[in-house]
Amino acid sequence: MITFRLDTRSGLAPYLQIVQQVRHALRLGLLDVGDQLPTIKDVVATLAINPNTVLKAYRDLEREGLIESRPGQGTFVTKTLAGPSIKSHAALRRSLDRWLKEALAAGLDEESITALFVDTLRHAAEEGVA
Amino acid sequence: MSTALETTSLGKRYGRLWALRDCFLQVPAGCVAALVGPNGAGKTTLLHLAVGLSRPTTGHVTVFGRTPRDGTAFLSMVGFLAQDHPLYRTFTVAEMLEMGHKLNPRWDASLAASRLQALTIPLEQKVGKLSGGQQSQVALALTLAKRPQILLLDEPLASLDPLARREFLQMLMTAVAEDGLTVLLSSHIITDLERVCDYLVILSGGRVQLAGEIDEISRRHKVLSGPRRDEEAVAAVHNVIEVNHTVRQTTLLVKVNGQLFDPSWDVHDVSLEDIVLAYLGQPPINDLAAGTRNHVEALV
């Protein structure tokens, strides 16, 4: 089951953080159709967060057709965002691992690696590659 | 959505000093509302008026349609936790629970005991021997066992360390999730509020500066930055809350009315904390009518 975190310094509204974490998990295949999301009470008890916030996040996800709440049973995933590309994730992750090792060996720290990746991604997007 | 707490031109004067003035509020049922303001802003005065601990000089307050004058019908509906979470220090925790049981018609004894056991607070311990965090948890458990429809908390987090604060909020939020209770809590710790509250009331100088749903407040407030210039054009349409000029740049914190059209401003989102601080740092400028009245009074 997915566990939510809350970053109070992110500037992102708490309910959006939950929405984003669910979408992220769906995209990476960490959550699949039929999986159960934590109950509102569980999220509230672990994060010390307003139940209305969790409710709002779940409603947003339900409106997108990603989850469904079944009265008396809980909230379940009804659609995945992973798509057919999920099969290639493992191989891509391995080559990314290799690339990361190279970058670290070349003396880049985490911040430089992130900057380089984001910058390359943006360039690729501008040139219509990605 | 129905209204849990409503005040109509509520005011309280102590001698010649107004502690609270012209207070109009409608706190929706089921929300967790934060009452924020500096010391002396009128937070405690508002809470005391709402639970009937003091009588208004002007206007009135109702909680779910009842006024504090309605006696026990009103009191059984309202839970109030005062600033120093008052408990009888020589009582054991079990004796405090027994007292609550004897004094309250709708007392839920098993709920209180199970909550305290979950926190591993020994029931046979004297209250005075508990840590500050545990005392606040006992006080909250007692207040919740009363099964109120609305809970008013005066600075519940002020004296707690970060861990105790988290545990206190966990108990409070769980109660909100289970019972759908409405909460109004005053605080000057802004950081915890965004995860806990969905409604905000900013009080300053005895007046309500801003009240509304936090999502709506966050959406309506923006920071505009651009080359140095006068803020008047913006102020004609929107409410300018805070103005900062450097030699080359002007930065405005603005409550947006409708759309922002001028593309020469860079528009940024602003954190709740910055919004609150901006309102607290200013004289009551969003309340233009009141501001004018103040001015007139000062002239007379």
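Being a predicted model, the structure only gives us computed values, none of them experimental. Sequence lines set the chain letters: A, B, ... in the order given, protein chains first and strands last, and positions in each chain run from 1. Heavy atoms only: backbone and side chains are in, while hydrogens, waters and symmetry mates are out.
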Chain A and chain B: which donor-acceptor pairs fall below 3.5 Å?
unit_1: A:Lys41; atom_1: NZ; unit_2: B:Glu178; atom_2: OE2; d: 3.0
unit_1: A:Ala45; atom_1: O; unit_2: B:Gln170; atom_2: NE2; d: 2.9
unit_1: A:Thr46; atom_1: O; unit_2: B:Gln170; atom_2: NE2; d: 3.2
unit_1: A:Leu47; atom_1: O; unit_2: B:Arg195; atom_2: NE; d: 3.3
unit_1: A:Leu47; atom_1: O; unit_2: B:Arg195; atom_2: NH2; d: 2.8
unit_1: A:Asn50; atom_1: N; unit_2: B:Arg195; atom_2: O; d: 2.8
unit_1: A:Asn50; atom_1: ND2; unit_2: B:Val196; atom_2: O; d: 2.8
unit_1: A:Asn50; atom_1: ND2; unit_2: B:Asp198; atom_2: OD2; d: 3.2
unit_1: A:Asn52; atom_1: ND2; unit_2: B:Gly30; atom_2: O; d: 3.1
unit_1: A:Asn52; atom_1: ND2; unit_2: B:Asp198; atom_2: OD2; d: 2.6
unit_1: A:Lys56; atom_1: NZ; unit_2: B:Asp215; atom_2: OD2; d: 2.2

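- Within residues 92-112 of chain A, no residue has any heavy atom less than 4.5 Å from a heavy atom of chain B.
- Within a 6.0 Å sphere centred on NE2 of A:His89, heavy atoms belonging to other residues, nucleotides or ligands number more than 12.
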- Message: Go through it in stages, so that I can follow the logic: the residues are B:Leu5 and B:Leu152, the test is side-chain contact (heavy atoms from CB on, under 4.5 Å), and I'd like the CA-CA distance, side-chain angles, deciding distance and then a yes or no.
- Response: CA-CA 11 Å; B:Leu5 181 131; B:Leu152 297 102; 4.3 Å; yes
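- The ring-ring contact (aromatic ring centres under 6.0 Å, His included) test applied to B:Phe80 returns B:His48, not counting sequence neighbours.
- Of all heavy-atom pairs spanning B:Val196 and A:Ala48, the tightest one is CG2-O, 3.7 Å.
- Tested against B:Leu151 for a side-chain contact (heavy atoms from CB on, under 4.5 Å), the candidates B:Leu185, B:Leu172, B:Leu81 yield a single pass: B:Leu172.
- Listed by first then second residue, pairs satisfying salt bridge (charged side-chain N to carboxylate O under 4.0 Å, His left out) with a partner in residues 65-83 of chain A read A:Glu68-A:Arg70, not counting sequence neighbours.
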- Query: What do the steps show when you test A:Ile2 against A:Leu30 for side-chain contact (heavy atoms from CB on, under 4.5 Å), and what is the final call?
  - Reply: CA-CA 8 Å; A:Ile2 187 172; A:Leu30 300 172; over 6 Å; no
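- Residue-environment remark: CZ (A:Phe117) stays at or below the threshold of 12 foreign heavy atoms within 6.0 Å.
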- Query: So A:Val22 and A:Val77, side-chain contact (heavy atoms from CB on, under 4.5 Å) or not? Walk me through it.
  - Reply: CA-CA 10 Å; A:Val22 170; A:Val77 175; 5.9 Å; no
- Task: Give the intermediate values and the outcome of side-chain contact (heavy atoms from CB on, under 4.5 Å) for residues B:Leu46 and B:Leu25.
- Result: CA-CA 11 Å; B:Leu46 174 57; B:Leu25 277 181; 3.9 Å; yes
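- Neither the backbone nor the side chain of A:Leu55 comes within contact range of chain B; no heavy atoms are under 4.5 Å apart.
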